[in-house]
Amino acid sequence: MNLDHVFKKTIVRKTKAANTRPEVPDGLLCKCNSCGSVILSEEVEKGYYICPKCGTYFRVSAKERIRRVADAGTFEEWDWDLMGGNPLDFPGYDEKIAAARLKTGLQEAVITGRCKIAGEDTVLCVMDGKYMMASMGKAVGEKITRAAERATEQKLPLVIFTCSGGARMQEGIISLMQMAKTSAAIKRHSDAGLLYISVLTDPTTGGVTASFAMLGDMILAEPKALIGFAGPRVIEQTIRQKLPKGFQCAEFLLEHGFVDRIVERREMRSVLGQLLKWHNRAAHVFPEEVTQQAVSRNTTISVMEKKSIADSIKTAWDRILLSRDSKRPVSSDYIEMLFDDFMEFHGDRFCKDDSAVIGGIAVFRGIPVTVIAQEKGKNTKDNIKRNFGMCSPDGYRKAVRLAKQAEKFGRPIFCFVDTPGAYCGIEAEERGQGEAIARSIMEMSSLEVPVLSLIIGEGGSGGALALATANEVWMLENSVYSILSPEGFSSILWKDSRKAKLAASYMKLTAEELKELCVIDHVFPEPDNFSRENIRQVTDQIARKISDFLKIYGKMDGGALAAHRYERYRRM
């Protein structure tokens with residue numbers, strides 16, 4: 001069937017004779033406003049309301065989204081009859097409200113209630129763009145605030161799907177006040193240690209963006225969703241500035257550090273379910289049987305482990321070269337081998353997403369943990385993308401954000417350190433590189449959850465220390481950790497970078513030397529010709545040691561963990 005031909009034929013017949021029954025019944029076809037394709041409505045519905053031709057997302061009603069996300073038969077609606085009235089007696093507003101109610105069957109532009117998502121109890125709010133573009137008036141703000149309050153009282157996570165044109169103009173300053181009211185309710189929910197996931201859909205703009213939409217512990221977005229404070233039309237008409245292509249889309253916000261992850265609509269329920277499962281309070285326990293089981297999973301000590309580190313005589317410079325070897329495993333290799341279900345989050349919530357730092361939630365032997373790692377990359381293209389592991393201020397701010405999130409939810413933190421040093425470019429200085437490193441060190445020092453750092457390659461200066469302020473710091477045999485690179489060290493002291501080998505011999509930067517100085521706590525031997533092919537010989541050791549670490553530090557309360565970390569550095 002040529003759908004375009006049928007669609008055009010139907011339009012012509014309707015025009016010629018209004019009382020003639022159209023050949024194609026209403027509702028059978030729909031048109032994609034993006035690519036212009038005419039599609040069977042049934043095909044669109046089965047495809048999660050995504051255009052099969054160009055991939056554009058159709059806007060869906062709140063009821064349809066609840067049907068797709070909540071477990072069948074579990075949604076219990078709250079405050080369905082709450083209405084806001086006309087606080088400013090704005091002319092024609094009552095008629096607009098009446099028309100919106102007739103069109104959508106809703107009393108207001110948001111549905112709130114309690115449900116299960118993948119078996120997890122959740123408070124769910126879904127905005128409906130078909131109701132006055134889901135603008136936020138008094139009733140919308142009140143319903144979301146009540147939902148957040150009840151989530152706090154019932155100690156439940158909160159998930160909000162946003163879709164809004166912003167504040168409701170007809171309610172003026174009363175609409176503006178909803179921004180403060182909803183944000184304050186979200187703060188109380190957060191202070192209670194509860195999870196809030198914000199899901200941004202097309203469009204999310206104005207006062208909603210500038211309040212509860214951007215306050216999630218995790219902020220997810222649908223692909224290509226329009227997200228911004230001032231919408232494109234407002235910007236263009238106010239300051240006469242033409243916006244670049246792709247401006248204010250979800251992908252733009254991901255790149256600029258404001259969104260954790262873009263999630264396809266067909267994956268949304270499973271992603272939400274995983275996040276909710278990880279943040280279930282029961283998952284924060286460190287049961288003896290889990291850690292004991294983890295220890296007993298690998299009971300055979302390999303020949304390589306028995307090898308004395310001193311058996312292999314290498315100079316400090318030899319170890320530096322090995323720490324920089326392109327074949328050496330990088331952080332993402334360790335994450336893949338040591339953890340299950342790693343879900344990466346992006347962005348510093350200020351400016352950018354730094355690819356030199358990867359971080360997110362994973363599972364270690366059944367326990368949810370936060371992983372933060374400096375990543376050099378696995379090939380030339382990846383090296384460039386990751387800036388060779390040299391972090392910008394945005395990377396350190398992302399690390400702090402994820403660490404504070406882990407503290408809020410009681411997750412242990414595992415950091416992988418591999419950097420020649422912090423990036424020292426002009427932009428890094430403009431965005432406050434020193435302040436970002438200082439704040440990372442300060443915040444890591446006082447976290448009330450277990451923190452473990454593992455130096456797997458280069459540990460260069462303050463750029464490494466920012467992720468190595470931990471309860472314990474471990475190193476691989478051929479990794480290094482120093483105040484500066486030997487090249488930089490010799491340039492400063494002797495005005496000659498060619499004396500780097502000599503500098504290395506004086507700097508006490510090898511794992512053995514640092515263990516003797518009590519700077520680090522444990523050294524893992526490496527196999528000869530260490531690479532991704534034989535990484536398991538090392539990660540099996542690390543996994544057993546992590547189990548022991550959790551066994552000890554998982555039993556300590558938050559104050560004791562922070563005090564332990566303070567004393568560790570105080571004695572240095």
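Just so you know, these numbers use all the heavy atoms, side chains as well, and skip hydrogens, waters and symmetry mates. Numbering starts at 1 and runs along the sequence shown.
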Tell me whether [X] is salt-bridged to [Y], with the criterion being a basic N under 4.0 Å from an acidic carboxylate O.
X	Y	answer
Glu512	Lys515	no
Asp260	Arg401	yes
Asp382	Lys376	no
Glu487	Arg324	yes
Lys187	Asp191	yes
Asp496	Arg498	yes

Whether Tyr553 and His564 hold their rings parallel, tilted or perpendicular, with breakpoints at 30° and 60°: perpendicular
Aromatic plane relationship, His522 with Trp474 - under 30° parallel, 30 to 60° tilted, over 60° perpendicular: perpendicular
Strictly by modelled atom types, are [X] and [Y] linked by a side-chain donor-acceptor pair under 3.5 Å?
X	Y	answer
Asp354	Ser392	yes
Ser531	Glu533	yes
Gln374	Thr419	no
Asp217	Gln405	no
Thr370	Arg411	yes
Thr315	Asp318	yes

Within the structure provided, determine whether [X] and [Y] are in side-chain contact (heavy-atom separation under 4.5 Å).
X	Y	answer
Asn383	Asn379	no
Leu220	Ser198	no
Ile455	Val473	yes
Glu375	Val357	no
Leu194	Pro157	no
Cys51	Phe58	yes
Val451	Phe414	no
Phe549	Pro412	no

CA sep, side-chain torsions, deciding dist, call: Thr510, Glu513, side-chain hydrogen bond (donor to acceptor under 3.5 Å, both in side chains): CA-CA 5 Å; Thr510 68; Glu513 291 167 327; 2.9 Å; yes
Among Lys378, Arg536, Lys327, Arg328, the one residue meeting salt bridge (Lys or Arg N to Asp or Glu O under 4.0 Å) with Asp333: Lys378
Glu222: which of Arg261, Arg59, Arg65 passes salt bridge (Lys or Arg N to Asp or Glu O under 4.0 Å): Arg65
Gap separating the CD atom of Gln541 from the CD atom of Glu526, nearest 0.5 angstrom: 9.5 Å
For Asp394, the option from His256, Arg349, Lys352, Arg431 that meets side-chain hydrogen bond (donor to acceptor under 3.5 Å, both in side chains): Arg431
Side chain to side chain contact (heavy atoms under 4.5 Å, CB included) between Ile160 and Val199, intermediate numbers included: CA-CA 6 Å; Ile160 302 181; Val199 185; over 6 Å; no
Lys/Arg cation over aromatic Tyr48: Arg68, 6.0 Å, 45° cone: yes
Just wondering, are more than 12 heavy atoms of other shown residues or ligands nearer than 6.0 Å to [atom1] in [X]?
X	atom1	result
Arg568	CZ	yes
Leu493	CG	yes
Ile426	CD1	no

Full working for side chain to side chain contact (heavy atoms under 4.5 Å, CB included) between Tyr57 and Asp202: CA-CA 8 Å; Tyr57 277 46; Asp202 182 69; over 6 Å; no
Glu435/Ser440 under side chain to side chain contact (heavy atoms under 4.5 Å, CB included): CA gap, chis, key distance, verdict: CA-CA 8 Å; Glu435 188 275 342; Ser440 181; over 6 Å; no
Check against ring pair (Phe, Tyr, Trp, His ring centres under 6.0 Å), Phe258 and His346: CA-CA 8 Å; Phe258 294 98; His346 295 269; over 10 Å; no
Stepwise side chain to side chain contact (heavy atoms under 4.5 Å, CB included) test for Leu454 and Val417: CA-CA 6 Å; Leu454 177 60; Val417 176; over 6 Å; no
Sub-6.0 Å ring centroid separation between Phe247 and Phe252: yes
